[in-house]
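In what follows, a structure is listed as structure tokens, so that the remarks can point back to it.
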Amino acid sequence: MSPVAAGKRAGSRRGAKRRPAFQPRLALLALGVTALVVAWGYLVYAAIDFGATARGGESAAWAFLALASLGAVACLFAGLMLIVRLLRELGITSPPPPRDPGPQPPPVAPGGRRAAR
């Protein structure tokens with residue numbers, strides 16, 4: 001008998017803790033989130049500035065206001081999607097459970113109707 005196994009809970013069942021290694025995929029996701037949030041902030045600032053200019057009488061500023069607003073919305077959406085992906089990669093969240101496809105048709109016998117008789 002080995003000297004280590006003496007009792008019901010004698011030894012640890014866990015392996016040695018692994019040191020977290022640098023993962024370039026996570027760094028790339030974090031960099032993408034940062035870039036998109038900075039771009040979103042700049043576009044919001046630009047939209048505010050274009051709005052003030054447009055209200056001052058510059059009619060072309062309305063088009064720039066619309067473009068800056070759409071760009072800000074797109075950046076925020078993409079940034080949130082990357083945040084979700086980053087949280088999944090880190091193991092903080094989990095994917096949703098698979099959907100129930102509903103009732104399935106009865107299985108068909110091989111060979112057609114005649115073979116089923």
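- Contacts classified as salt bridge (Lys or Arg N to Asp or Glu O under 4.0 Å) and involving residues 47-64 (residues at least two apart or in different chains) are not found.
- Its side chain outside the 4.5 Å cluster rule for every partner, V73 clusters with none of the Ile, Leu, Val, Met, Phe, Trp and Tyr residues.
- Residues in residues 35-46 take part in no salt bridge (Lys or Arg N to Asp or Glu O under 4.0 Å) pair, two or more places apart or across chains.
- Applying the ring-ring contact (aromatic ring centres under 6.0 Å, His included) definition to pairs two or more places apart or across chains, those involving residues 45-78 are F50-F64.
- Other members of a hydrophobic cluster containing L31 are absent, since no ILVMFWY side chain comes under 4.5 Å of it, directly or through relayed contacts.
- The side-chain hydrogen bond (donor to acceptor under 3.5 Å, both in side chains) pairs that include a residue from residues 91-105 number zero, where partners must be two or more places apart or lie in different chains.
- Nearest approach of L43 to C75, heavy atoms of both residues: CD1-SG, 4.0 Å.
- For E89, the salt bridge (Lys or Arg N to Asp or Glu O under 4.0 Å) partners are R25, not counting sequence neighbours.
- Clustering of Ile, Leu, Val, Met, Phe, Trp and Tyr side chains at separations under 4.5 Å leaves F22 isolated, with no partner residue.
- As a member of the Ile/Leu/Val/Met/Phe/Trp/Tyr network built from side-chain separations under 4.5 Å, L82 groups with L26, L29, V33, L36, V37, W40, V44, I48, L76, L80, I83, L86, L87, L90, I92.
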